[in-house]
Amino acid sequence: MNQYHTDTYLTNDCLIHIFSFFHEDDLIRASYVCKEWHEAAETPWLWRQMCLKRWGFCNISLLATDHGKRAWKCYFLGRSNLEIKMTEGRPGGDYVCKSLRGHKGRVVGCVYLLRNSPQLPDFCSFTPTVCTASSDGTVRAWDVQQGDQLWCSPVQSPLTGMVAGPGGARVFTSDTTGLVKAWDSQSGQEISSYSSASPQCTLLPFHVDASSFLLVGNSQGSVHTLTSPSLSKVSSLVVCDTFKVNLLLASPDKKWILAGTKENMDMSPKVLSSQSATCPSEDEDSLRQCLPVSGCCAASFLPSRPATLATVHCREHSRLRQEKTLSVFNISVKKTRYKSEVQVEQVEKFEVVFESQSSDILLEGMGSGTLVVVADKELRVYTLKGQLLCSFQDHIKPITSVCVDSFRVVTASQDLSLRVLTWKTDGDGGLMLESRYHLLGGSHTMSRGFTHVVCDYSSIVASVEAADGKDVLKAYSFNS
């Protein structure tokens, strides 16, 4: 290598190091100064470092082509631009709102079938679609961006709930007669059905060991495990005799299931190994364990710590509805020579007091150590140790639903508004929320407030309870 090429190499290497401290706007401007600066500013390593510094992890497969060399830069600029719009939320410029009409009853469930994700190189490559279930007895699929209905099922008994299976390929519904059905998400065709003999069901789909299942909690206190999508019964377990199972969730890694009721303040929810639900055996009693607390009204597993469970429950020696305790548990399996036993260890506990006496409390986990708690009109963010990081009262009427992801938190309220809050990192590396803007749902003379909200990376969909009983969906699509 001659002296000229050596000097050029060293110059570019130094420029890349210097540019790594630049803001993206300054880096783009630097690329126009001269040829050497342009080459340094276009280096894939530099843009990759900026991506990892800002988002922690980006799942991009770099290609050996000229287009592949620009993948990190295109990803960074495209995602940054979208997140600016989702942070500012200016009507008309940053997002488009569509009203999805067609249901002739209350919307009782709304789920995404096809969603965008920041973990994909082309994070806005899909046209989001959602599916809704209604008391009018129909299941409908919608194009979120265009506002068009894609298909509608035949009318049946009034529906009471709906969930989506892994990947959104199937949806499952329950109705007032206790009939549970599986539907194909692409065609809207019914696949199978199962009679639970329960007018109120709680549904939980999960996928484990290459097999799919659907858990059905009924009003008699039992949880049935069904194969998916054929809905053949595998097992049945009584978790809260004579009381409705309305607390049913699975850990992110699908190893654990929490089942219980919110209707009896003296009962404790049970932690089950997914193995005990899907492959019952003689030792199944050892694969489930009661939580050492009672009166659980909300629960959530931590997304980045799947064996960590947080619950809001009755405070010991107190019957006041507004006085609660938030407890954190670690779940594990103790193996001996002859059997395995589920163990539940309480690792944190702190008291929380709410202004309202309402028992409708929402709890969501974020990352590995942050909890979002919603009660009445208030949203709070806690650490697992009980430190209150921030609180918000952006609504004038109770919050009915909340959606939490790695970028934002969206609350839906009876005041006919959605509030968008975004995550930020504080000086110590912890998470904080910033309240950003409202999304409005229409006229108060025609509507009674939002009832559900769901999100993917680039859109928000919420259901509005209509005064005439014909609920409407509001779909907000952000421009990439």
Side-chain angles (χ1 to χ4, degrees), residues 160-161 174 196 198-204 215-224 236-251 256-272 277 285 288-302 308-331 342-365 371-380 382 384 386 388 391 398-402 414:
T160 58
S174 58
S196 69
S198 172
Q200 294 178 315
C201 292
T202 301
L203 307 179
L204 175 66
L215 297 187
V216 180
N218 65 22
S219 55
Q220 289 81 43
S222 296
V223 174
H224 301 302
S236 181
L237 171 67
V238 176
V239 295
C240 45
D241 193 21
T242 72
F243 288 93
K244 177 174 63 176
V245 176
N246 51 12
L247 186 65
L248 191 61
L249 62 154
S251 62
W256 308 107
I257 297 163
L258 181 73
T261 184
K262 303 177 186 179
E263 296 186 335
N264 188 314
M265 294 298 99
D266 296 319
M267 282 191 168
S268 301
K270 288 183 172 67
V271 175
L272 321 172
D285 285 343
R288 56 178 182 255
Q289 185 67 257
C290 286
L291 289 184
V293 296
S294 60
C296 187
C297 56
S300 177
F301 286 94
L302 273 294
T308 299
L309 172 70
T311 66
V312 177
H313 56 90
C314 289
R315 182 183 297 188
E316 192 174 0
H317 308 307
S318 175
R319 288 291 176 176
L320 296 177
R321 285 178 173 266
Q322 64 266 41
E323 294 184 350
K324 302 291 183 183
T325 298
L326 202 157
S327 295
V328 181
F329 302 93
N330 283 340
I331 307 170
V342 173
Q343 293 193 323
V344 177
E345 178 188 8
Q346 188 174 29
V347 292
E348 302 292 346
K349 181 178 73 171
F350 55 93
E351 311 300 329
V352 290
V353 178
F354 302 106
E355 293 182 4
S356 170
Q357 295 189 21
S358 172
S359 60
D360 295 330
I361 295 174
L362 305 174
L363 176 64
E364 295 288 341
L371 299 172
V372 177
V373 184
V374 173
D376 196 47
K377 299 184 286 290
E378 186 179 13
L379 181 149
R380 300 178 188 175
Y382 289 98
L384 294 188
L388 179 62
S391 64
I399 296 169
T400 56
S401 180
V402 62
Q414 292 176 4

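All of these numbers come straight from a predicted model, not from anything done at the bench.
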Next on the checklist: side chain to side chain contact (heavy atoms under 4.5 Å, CB included) for Asp376 and Phe354? Distances and angles first, verdict last.
Outcome noted: CA-CA 8 Å; Asp376 196 47; Phe354 302 106; over 6 Å; no
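- Side-chain atoms of Ser268 come within 3.5 Å of backbone atoms of Val293 as a donor-acceptor pair (strictly under, hydrogens ignored).
- For the residue pair Ser327 / Gln346, a side-chain donor-acceptor distance below 3.5 Å is found, with atom types taken as modelled.
- Cys240 approaches Val245 most closely through the heavy-atom pair SG-CG2, 3.6 Å.
- Using a distance-only test at 3.5 Å, with no hydrogens or angles considered, a donor-acceptor pair links the side chain of Ser198 to the main chain of Ser219.
- A distance of 4.5 Å separates CZ in Phe301 from CG in Leu309, rounded to the nearest 0.5 Å.
- With rounding to the nearest 0.5 angstrom, the OG atom of Ser251 is 11.5 Å from the CG atom of Leu302.
- Considering all non-hydrogen atoms of both residues, Arg288 and Leu272 come closest at CB-CD2, 3.4 Å.
- Side-chain contact annotation: His313 with Thr325, donor-acceptor N/O pair under 3.5 Å absent.
- Of the possible donor and acceptor atoms, one in the side chain of Ser300 sits under 3.5 Å from a partner among the backbone N and O of Gly365.
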Item to check | Chi angles and distances behind the side chain to side chain contact (heavy atoms under 4.5 Å, CB included) call for Thr160, Gln200 | outcome: CA-CA 7 Å; Thr160 58; Gln200 294 178 315; 5.9 Å; no
Checklist entry - Do Val374 and Ile361 pass the side chain to side chain contact (heavy atoms under 4.5 Å, CB included) test, and can you show the C-alpha distance, the side-chain angles, and the key distance before you say yes or no? => result CA-CA 6 Å; Val374 173; Ile361 295 174; over 6 Å; no
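- Between Cys296 and Ala298, the shortest heavy-atom distance links the atoms SG-O, 3.4 Å.
- How far CE of Met267 is from OG1 of Thr242: 5.5 Å, rounded to the nearest 0.5 Å.
- Of the options Thr261, Leu258, Val239, Ile257, a side chain to side chain contact (heavy atoms under 4.5 Å, CB included) to Leu248 is made by Ile257 and by none of the others.
- For the atom pair CG (Asn246) and SG (Cys201), the distance works out to 12.0 Å, reported to the nearest 0.5 Å.
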Next on the checklist: Under the criterion side chain to side chain contact (heavy atoms under 4.5 Å, CB included), I'd like the reasoning laid out for Val353 against Arg315: C-alpha separation, chi angles, the key distance, then a yes or no.
Outcome noted: CA-CA 10 Å; Val353 178; Arg315 182 183 297 188; 3.3 Å; yes
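- Within the model, atoms CG of Asp360 and OG of Ser401 stand 12.0 Å from one another, a figure rounded to the nearest 0.5 Å.
- Between Glu378 and Ser391, the shortest heavy-atom distance links the atoms OE2-CB, 3.8 Å.
- Atom CZ of residue Phe243 and atom CG of residue Asn264 lie 4.0 Å apart, to the nearest 0.5 angstrom.
- A pairwise comparison of heavy atoms in Ser196 and Val216 identifies CB-CG1, 4.3 Å as the closest pair.
- The two residues Ser174 and Leu203 make their nearest non-hydrogen contact at N-CD1, 4.0 Å.
- Without hydrogens or angle criteria, Gln289 side chain to Val342 main chain gives a donor-acceptor distance under 3.5 Å.
- Checking each of Val347, Leu326, Leu371 against Leu384 for a side chain to side chain contact (heavy atoms under 4.5 Å, CB included) leaves exactly one that passes, namely Leu371.
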